[in-house]
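Single-structure report; data block below.
Order of the sequence lines sets the chain letters (A, B, ...), proteins ahead of strands, with each chain counted from 1.
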Amino acid sequence: MRLAGKTISSMNILSELRSRFLTALEAIDPGAVELTTMVLPSQDAKFGDYQANCAMPLGKRLSKPPREIAQQLVDALDVADLCEPPEIAGPGFINLKLKDTWIIEQLAQIVPDEKHLGVDQAQTPRVFVLDYSSPNVAKPMHVGHIRSTVIGDALCKVLRFLGHRVISDNHIGDWGTQFGMIIFGYKHFVDEKSFADDAVAELSRLYKLVSQLVAYHDTTRQKIPALEQRIVEHAVLLDQMHDATIPEDLKEQKKVNKRLRQAEGQLAEVRQTLDGLRKQVAVVDDNPQLATIAAEHAEIGAAVLAETAALHSGDATNRALWEQFLPACLAEIEATYRRLNVSFDHALGESFYEDRLKGVVSDLVQRDMAVESDGAMCVFLEGYDAPFIVQKKDGAFLYATTDLATVEHRLKEWSPDTILYVVDHRQSLHFEQLFATVRLWRDEQIALEHVSFGTVLGEDGRPFKTRSGEAVGLTGLLDEAVERAFKIVSQNDAARPEPLLSEEERHNVAERIGIGAIKYADLAHNRTSDYVFSYDKMLAMTGNTAAYMQYSYARVRSIFSRGGIDAKAIRTGDVQIVLDQPAERALALAILRLSEALDRVVEDYRPNHLTAYLFDLASTYSEFFENCPVLKADNEALKNSRLLLCDLTARTIALGMTLLGIQMVERM
RNA sequence: GCGCCCGUAGCUCAGUUGGAUAGAGCAACGGACUUCUAAUCCGUAGGUCGCAGGUUCGAAUCCUGCCGGGCGUGCCA
């Protein structure tokens with residue numbers, strides 16, 4: 001376990017058992033203490049609650065039969081207070097079953113802990129800087145920003161909950177070419193009235209217009225001819241391959257066939273891309289107004305770069321426009337963050353580092369780390385063919401430069417132990433090179449980690465795009481999810497004998513369900529893999545979804561409202577928990593495992609461990625709900641015991657969901 | 001060409017870092033509402049974990065080689 005003992009310190013059953021095993025292992029073989037990681041929750045309930053698999057590897061080390069070692073371990077093990085007598089099974093598994101009395105004691109300790117539900121604070125808190133979301137202002141946020149924003153926010157909340165200091169910093173793109181575009185657009189195409197009415201909408205229109213025109217010229221002059229050329233070359237190549245003599249060696253034959261197929265596939269792909277581009281061009285050509293503008297601004301690409309360069313070199317007009325536009329753009333993305341219920345400690349954008357970039361490069365040169373190559377300033381790193389370019393040959397700086405300046409600032413300002421970059425996996429090479437450069441450049445002991453994630457795909461398995469090939473806008477995405485949620489909420493509520501919710505309540509519930517669905521769907525997938533975005537799946541009431549968790553919570557809460565019971569009174573009252581039914585015991589154990597789930601989240605920065613835990617908890621609760629009447633329990637003591645279990649379940653779900661950044665509803 | 005990632009039920013995905021008989025949810029089939037929210041629950045069926053070797057008490061997981069896919073790869077971010 002990579003961070004065990006460093007980051008992880010919250011008290012939980014697993015770490016308690018591991019520390020007991022540590023003592024036992026030390027007694028047998030002091031060199032085998034790392035085998036505590038082989039104490040794990042059981043896969044199957046029939047083997048007990050936890051199992052220790054240390055005896056097999058240890059037996060090998062000591063050249064003794066594993067079952068004999070297992071017996072020695074059990075003899076040396078002091079767990080009598082929390083477990084039933086351990087059992088040895090199979091080749092040497094040690095199976096552990098927790099004592100009901102111990103579970104009950106642990107639950108009793110959790111009950112009064114309003115804030116942390118028994119999850120201890122890290123013994124050695126660390127300082128994290130979290131870099132996530134990072135949208136470009138002046139460019140509408142799109143589906144690609146979901147993952148970074150949502151995963152980063154959840155990690156931030158979980159790390160803080162465990163007692164670490166976390167500085168969240170939104171590295172906003174506020175200094176790039178997109179400003180050149182809107183500056184150019186403003187100078188040539190602005191509609192003063194629209195701008196006065198709604199500056200953001202007008203700027204957004206200008207951005208779209210200019211980027212469309214730039215793309216038009218780039219496509220017609222560069223991309224399409226290049227693709228046409230490639231098609232010709234490919235065709236020639238294919239002809240040659242077809243004409244080539246077939247090798248006699250079977251293996252070589254296969255290789256040739258494979259290359260042929262690949263070449264054919266590539267050709268088809270190129271043709272498809274070309275078709276797509278021609279369609280985009282046609283959009284402009286078919287619109288007389290657009291076509292005229294396009295013709296009038298044939299050099300728009302260069303002009304945009306010139307506006308950007310002017311901004312960067314301190315041109316007064318452009319600087320003034322930038323200062324005028326920025327607040328409106330920031331307000332726009334701020335609105336999206338409010339809706340997502342996400343906030344940051346800092347939002348130090350690219351512009352913040354603007355005047356430091358020159359210094360970064362000269363420092364690298366002074367240390368002989370950066371050298372000139374083909375006119376650009378480059379850091380050549382061992383093990384990489386391509387250099388890490390910190391200054392272009394035209395003198396402009398790149399995101400590599402900004403990232404280095406940013407690391408420097410963060411080190412100076414916050415002295416973090418770790419900086420996490422929640423950025424998609426396509427940038428992994430950039431981060432590898434960035435980290436390698438920082439290690440050469442700075443002496444500080446700092447852990448830099450690229451918390452990468454996969455792509456959001458459409459139902460066709462291709463990156464999620466609109467029909468016209470643009471990125472799907474985030475606002476529209478959220479709207480649609482909420483709209484669909486509202487339909488589902490209304491339908492289901494209306495179908496009840498007596499509807500529960502007012503129209504206003506339905507809207508509030510739909511907002512939380514819709515936004516929650518998107519967030520949860522993202523968090524529930526292993527972040528390293530791509531996933532298919534599906535409204536139907538994420539809004540489903542069954543399965544591992546936000547709506548299911550919210551429903552489970554509402555169902556628990558309804559017991560209290562139906563029974564007219566104050567949950568706080570149950571917590572403070574003298575309630576003795578009873579675990580006679582298997583469903584009661586299973587639920588109790590599930591509740592106690594929250595901190596194990598949280599440890600696993602921070603271990604590899606994967607929130608899906610928490611969603612998996614919550615889903616398991618909710619499923620366990622369902623079984624309890626079916627089998628164990630609460631309000632109609634046989635006697636008052638049993639009723640109170642079950643009420644307390646219900647309350648703990650609701651609190652655990654609510655806490656877990658809050659750490660994921662998802663809001664609960666009392667009724668739905 | 002080189003580098004990184006991936007391939008698990010018809011579909012969408014988990015799989016606690018090498019553990020016991022590989023798990024969920026959809027979809028299919030069969031059950032459970034005068035009983036705390038049935039927006040639910042329970043059950044059945046569904047698998048050569050891409051293929052072939054190897055490592056060992058034990059492999060979806062580690063190694064090698066194939067097959068198939070994604071991404072990246074000198075002046076975008």
Side-chain angles (χ1 to χ4, degrees), chain A residues 1-2 14 37-38 40-44 46-47 51 53 56-57 59-60 66 89-93 95 134 136 173 176-177 251 254 258 350 373-378 383-394 396 398-400 402-403 423-430 432 452 454-455 459 461 463 488-489 491-493 495-496 500 524-526 528-532 534 536-537 540-545 547-548 550-552 554-563 596-597 599-600 603-604 608-609 611-612 615-616 619 622-623 625-627 629-633 642 646 667-668:
Chain A
M1 216 179 272
R2 188 154 29 89
L14 190 57
T37 54
M38 303 199 75
L40 294 163
S42 291
Q43 306 269 354
D44 193 323
K46 78 173 179 218
F47 298 129
Q51 61 178 322
N53 307 332
M56 284 79 83
K60 192 178 166 95
F93 297 108
N95 291 332
S134 319
N136 285 317
T177 313
K251 218 171 161 186
K254 273 189 179 169
K258 184 186 162 184
E350 290 166 344
S373 168
D374 289 344
M377 298 308 296
C378 302
Y384 295 95
D385 293 338
F388 195 51
I389 300 177
V390 292
Q391 189 170 19
K392 299 201 276 185
K393 63 178 165 206
D394 67 1
L398 304 91
Y399 75 134
T402 314
D403 278 351
V423 180
D424 83 275
H425 71 278
R426 284 173 303 196
Q427 294 189 37
S428 52
L429 179 60
H430 166 72
E432 279 177 32
S452 69
T455 311
E459 308 249 15
I488 295 169
V489 168
Q491 261 173 28
N492 287 318
D493 193 41
R496 286 184 167 120
L500 277 171
H525 288 98
N526 181 338
T528 58
S529 39
D530 299 345
Y531 77 92
V532 174
S534 159
D536 288 335
K537 288 210 168 71
M541 282 311 305
T542 47
N544 194 5
T545 67
Y548 177 75
Q550 286 162 324
Y551 178 74
S552 301
R555 219 156 55 137
V556 186
R557 298 292 303 145
S558 83
I559 291 181
F560 289 87
S561 57
R562 176 61 60 106
E596 286 176 18
D599 279 353
R600 291 178 52 208
E603 196 179 303
D604 47 12
N608 70 308
H609 288 131
T611 61
F615 182 56
D616 180 63
S619 309
S622 279
E623 200 181 331
F625 185 84
E626 293 292 319
N627 294 304
V630 179
L631 295 175
K632 286 168 190 159
R642 287 178 176 171
C646 286
R667 303 197 297 173
M668 62 184 276

Inter-nucleotide [atom1] distance ([N], [M]), Å rounded:
{"N": "B:A20", "M": "B:C57", "atom1": "C1'", "value": "12 Å"}
{"N": "B:C63", "M": "B:U16", "atom1": "P", "value": "16 Å"}
{"N": "B:G46", "M": "B:U8", "atom1": "C1'", "value": "14 Å"}
{"N": "B:G19", "M": "B:A60", "atom1": "C1'", "value": "13 Å"}
{"N": "B:A77", "M": "B:C13", "atom1": "C1'", "value": "30 Å"}
{"N": "B:C6", "M": "B:G50", "atom1": "C1'", "value": "11 Å"}
{"N": "B:C49", "M": "B:U21", "atom1": "P", "value": "14 Å"}
{"N": "B:U64", "M": "B:C26", "atom1": "P", "value": "40 Å"}

Have a look at [X] and say if it touches a base, only the backbone sugar-phosphate, or nothing, with a 4.0 Å heavy-atom cut-off.
{"X": "A:Tyr548", "answer": "sugar-phosphate"}
{"X": "A:Val532", "answer": "sugar-phosphate"}
{"X": "A:Ala89", "answer": "base"}
{"X": "A:Tyr384", "answer": "nothing"}
{"X": "A:Ala612", "answer": "nothing"}
{"X": "A:Pro57", "answer": "base"}
{"X": "A:Glu459", "answer": "nothing"}
{"X": "A:Cys646", "answer": "nothing"}
{"X": "A:Ile389", "answer": "base"}
{"X": "A:Asn526", "answer": "sugar-phosphate"}
{"X": "A:Gln427", "answer": "base"}
{"X": "A:Met377", "answer": "nothing"}
{"X": "A:Asp394", "answer": "nothing"}

Among [options], find the nucleotide with the atom closest to the side chain of [X].
{"X": "A:Phe625", "options": "B:A38, B:U17, B:G70", "result": "B:A38"}
{"X": "A:His609", "options": "B:C36, B:G15, B:U12", "result": "B:G15"}
{"X": "A:Lys392", "options": "B:C36, B:C76, B:A20", "result": "B:C76"}
{"X": "A:Thr542", "options": "B:G74, B:C13, B:C41", "result": "B:C41"}
{"X": "A:Leu398", "options": "B:A77, B:C41, B:U37", "result": "B:A77"}
{"X": "A:Ala386", "options": "B:A38, B:U35, B:U73", "result": "B:U73"}

May I have the distance from [X] (atom [atom1]) to [N] (atom [atom2]), rounded to whole angstrom?
{"X": "A:Asp424", "N": "B:G70", "atom1": "CG", "atom2": "P", "value": "17 Å"}
{"X": "A:Leu500", "N": "B:C36", "atom1": "CG", "atom2": "P", "value": "13 Å"}
{"X": "A:Phe388", "N": "B:G72", "atom1": "CZ", "atom2": "P", "value": "17 Å"}
{"X": "A:Arg562", "N": "B:C36", "atom1": "CZ", "atom2": "C1'", "value": "7 Å"}
{"X": "A:Asn627", "N": "B:A32", "atom1": "CG", "atom2": "P", "value": "17 Å"}
{"X": "A:Phe615", "N": "B:G23", "atom1": "CZ", "atom2": "P", "value": "15 Å"}
{"X": "A:Leu40", "N": "B:G15", "atom1": "CG", "atom2": "P", "value": "15 Å"}
{"X": "A:Tyr399", "N": "B:G74", "atom1": "OH", "atom2": "P", "value": "11 Å"}

Output yes if the stacking criterion (under 5.5 Å between centres, under 30° between planes) is met for A:Phe93 over the base of B:A20, else no.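 Answer is yes, a stack.
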
Measure the distance between the ring centre of A:Phe47 and the centre of the six-membered base ring of B:A20, then answer whether it is under 5.5 Å with planes under 30°.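 Stacked: ring centres under 5.5 Å, planes under 30°.
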
Counting only Watson-Crick or G-U wobble pairs whose two distances fall under 3.5 Å, which nucleotide matches [N]?
{"N": "B:G1", "value": "B:U73"}
{"N": "B:C41", "value": "B:G31"}
{"N": "B:A24", "value": "B:U12"}
{"N": "B:C51", "value": "B:G65"}
{"N": "B:G58", "value": "none"}

Syn or anti conformation of B:U17, syn meaning chi within 90° of 0: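 Nucleotide B:U17 adopts syn.
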
For B:C33, glycosidic torsion class - syn if within 90° of 0, otherwise anti: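 Base orientation: syn.
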
May I ask you to verify if any side-chain N or O of [X] is less than 4.0 angstrom from the OP1 or OP2 atom of [N]?
{"X": "A:Lys60", "N": "B:C57", "answer": "yes"}
{"X": "A:Thr177", "N": "B:C76", "answer": "no"}
{"X": "A:Asn608", "N": "B:G15", "answer": "yes"}

5' precedence on RNA chain B between A:Ser529 and A:His430 (nearest-nucleotide basis):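 Final value for this comparison: A:Ser529.
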
5′-ward residue of the pair A:Asn492/A:Gly176 relative to RNA chain B: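 Nearest nucleotide further toward 5': that of A:Asn492.
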
Would [X] and [Y] count as having a side-chain donor-acceptor pair, cut-off 3.5 Å?
{"X": "A:Ser452", "Y": "A:Arg426", "value": "no"}
{"X": "A:His609", "Y": "A:Asp599", "value": "no"}
{"X": "A:Glu350", "Y": "A:Tyr399", "value": "no"}

In sequence, state the C-alpha distance, the side-chain angles, and the governing distance for A:Met668 and A:Met541, and then conclude on side-chain contact (heavy atoms from CB on, under 4.5 Å). CA-CA 12 Å; A:Met668 62 184 276; A:Met541 282 311 305; 4.3 Å; yes

Polar pair under 3.5 Å, donor/acceptor by atom type, side chain [X], base [N]:
{"X": "A:Gln51", "N": "B:A20", "answer": "yes"}
{"X": "A:Arg496", "N": "B:U37", "answer": "yes"}
{"X": "A:Thr455", "N": "B:G70", "answer": "no"}

If the plane angle is over 60° it's perpendicular, under 30° parallel, otherwise tilted; pick one for A:Phe388 and A:His430.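 If you compare the ring of A:Phe388 with that of A:His430, the planes turn out tilted.
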
Counting only N and O atoms by type, is there a donor-acceptor contact under 3.5 Å from the side chain of [X] to the main-chain atoms of [Y]?
{"X": "A:Asn627", "Y": "A:Glu623", "value": "yes"}
{"X": "A:Asn492", "Y": "A:Ile488", "value": "yes"}
{"X": "A:Ser534", "Y": "A:Lys537", "value": "yes"}
{"X": "A:Arg642", "Y": "A:Ala633", "value": "no"}

Please evaluate residues A:Leu398 and A:Val390 with respect to the criterion side-chain contact (heavy atoms from CB on, under 4.5 Å), reporting the C-alpha separation (whole Å), side-chain torsions for both, the decisive distance (0.1 Å), and the verdict. CA-CA 6 Å; A:Leu398 304 91; A:Val390 292; 5.8 Å; no

